[in-house]
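Report on the following structure.
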Protein chains: 2
Amino acid sequence: MAKPDQYQLAVPLRPTTRSLPIALLRARETVMEPIRDMLAKSQISEQKWRILRVVDERGPVEQTAIAKDACLLLPSLTRLIAAMEQDQLIHRSPDPKDKRRSMVRIADKGRALIDTHAPESQDIFTRLEDQFGHKDLEHLLDLLEKLQDVKL
Amino acid sequence: MAKPDQYQLAVPLRPTTRSLPIALLRARETVMEPIRDMLAKSQISEQKWRILRVVDERGPVEQTAIAKDACLLLPSLTRLIAAMEQDQLIHRSPDPKDKRRSMVRIADKGRALIDTHAPESQDIFTRLEDQFGHKDLEHLLDLLEKLQDVKL
DNA sequence: GTAAATTAATTAACATGTCAAGTATTGCAA
DNA sequence: TTGCAATACTTGACATGTTAATTAATTTAC
């Protein structure tokens, strides 16, 4: 009474809980929930928030670099930057050394937005640390940082 | 000669490399690159691939559950499921016990798609394991699984 | 130096994400 | 039993994601 599956040679996929891309996505959803609530108050999207942070962190920076650091594609970035410039969250100026580029820097209103949310952001992180454990969280961040440098 | 910043009380944000949501996103981009290449050959999107895997894993399942497991919102899922049903990747049937629901299950063509990509998928994972280290990878997956259950 | 290849950014077209509102059904409470 | 809240989607409108094509400027190769 051989079961038909006996000769099955198909390679089974990993269970989704052990699929790294899916696990990263699910974990991120958990962490993003309170942050989304926070940003909703300011009518600002997750993407614009990432752009603000990257531009704030890097200072005057070209769009290609923002795209890489904020995990956005250039076409999306073009539209987002245009809207954010309109809203006075950032400024943009042509690069005199390379006329193809424009340099982006944070504007007062953008900086104010960051300052406004920084305490709540820190509070969310602290709550996470309390529940997840300081050591595990640091270790997780180390592993994620290492993962970003892997070349596949 | 006091620097103006001397009295600044603003809470600084964490550097983006140590921001968990951003680190999760960047890490995911690294891992997804070869998978996107793989899926592009079959003209299938990342989202549809996740749906296929979840439906395959869970068997006949309602859409709300798929949405949760595949990290999609219901409106997106409605459209994706419609397209995938059209393409015969999945089947959908009304739940006799609850007329609001419909149960989704994988179709032959969907299963074939999974079988087709399983070896390459496994190969990608192996390459990752080689570069990243088996132990670190398992630990990372453990931490991500734990993170998903945190309540903020 | 000049043509060809490369880079930075943009645009267009369509897929997917997201929020708000709507429909049908079910569960629950008075 | 009735009516009201909750659930499971669905739809519409607009934001963002994604690919391919395009433009302008720069770099490279000859």
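The analysis underlying the following values was restricted to heavy atoms, covering all of them including side chains, and did not include hydrogens, waters or symmetry mates. Order of the sequence lines fixes the chain letters, A, B, ..., with proteins taken first and strands second; residue numbering starts at 1 for each chain. Not measured: the values here are computed from a predicted model.
In terms of phosphate contacts, A/Ser45 brings a side-chain nitrogen or oxygen within less than 4.0 Å of OP1 or OP2 of D/dT16. At the phosphate of D/dG17, neither OP1 nor OP2 sits under 4.0 Å from any side-chain N or O atom of B/Gln47. Residue A/Ser76 has no polar side-chain atom (N or O) positioned under 4.0 Å from OP1 or OP2 of D/dT16. When the side-chain nitrogen and oxygen atoms of B/Arg100 are compared with OP1 and OP2 of D/dC9, none of them lie within a distance under 4.0 Å. The side chain of B/Arg92 places an N or O atom within less than 4.0 Å of a non-bridging phosphate oxygen (OP1 or OP2) of D/dT10.
Each of A/Lys48 and B/Ala40 was matched to the nucleotide of DNA chain D holding its nearest heavy atom; the match closer to the 5' end belongs to A/Lys48.
Atom C1' of nucleotide D/dT18 and atom CG of B/Asp37 are separated by 14 Å, given to the nearest angstrom. Atom CG in B/Leu80 sits about 13 Å away from atom C1' in D/dG17, given to the nearest Å. Going from atom CD of B/Glu62 over to atom P of D/dA8 covers 6 Å, rounded to whole Å. With rounding to whole Å, B/Glu46 atom CD is found 12 Å from D/dG17 atom P. Rounded to whole Å, atom P of C/dA24 lies 17 Å from atom CD of B/Gln63. Following rounding to the nearest Å, A/Leu73 (CG) and C/dT11 (P) show an atom-to-atom distance of 17 Å. We find that CG of A/Asp98 is positioned 10 Å from C1' of D/dA24, with the value rounded to whole Å. The nearest whole Å value for the distance from the CG atom in A/Leu72 to the C1' atom in C/dG17 is 14 Å.
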With salt bridge (Lys or Arg N to Asp or Glu O under 4.0 Å) as the test, would you mind laying out the steps for A/Asp142 and A/Lys146 before giving the verdict?
CA-CA 6 Å; A/Asp142 290 342; A/Lys146 178 184 168 194; over 6 Å; no
A/Arg18 and B/Phe125: side chain to side chain contact (heavy atoms under 4.5 Å, CB included), yes or no, with the steps?
CA-CA 11 Å; A/Arg18 306 301 280 181; B/Phe125 190 85; over 6 Å; no
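Taking only side-chain atoms of B/Pro75, from C-beta outward, the nucleotide of C/dA20, C/dA9, D/dT18 with the closest atom is C/dA20. In the set C/dA20, D/dT26, C/dA9, the nucleotide with an atom closest to the side chain of A/Leu74 is C/dA9. Among D/dT11, C/dT18, C/dT26, the nucleotide with an atom closest to any side-chain atom of B/Thr78 is D/dT11. Of the candidates D/dT16, D/dC9, D/dA13, the closest approach to any side-chain atom of B/Ser102 belongs to D/dC9. Checked against C/dT25, D/dT16, D/dC9, the side chain of B/Lys99 finds its nearest nucleotide in C/dT25.
Shown here are the side-chain hydrogen bond (donor to acceptor under 3.5 Å, both in side chains) partners of A/Glu129, two or more places apart in sequence or in another chain: A/His134.
Within 4.0 Å (heavy atoms only), A/Leu77 reaches no atom of the nucleic acid at all. A/Thr64 comes within 4.0 angstrom of sugar-phosphate atoms only, judged by non-hydrogen atoms across all strands, and of no base.
The environment of CD in B/Glu138 is crowded: more than 12 heavy-atom neighbours from other residues, nucleotides or ligands sit within 6.0 Å.
Contact check for B/Leu24 versus B/Leu144: side-chain heavy atoms found under the 4.5 Å cut-off.
Checking side-chain atoms of A/Glu57 against main-chain N and O of B/Thr16 turns up a donor-acceptor pair under 3.5 Å.
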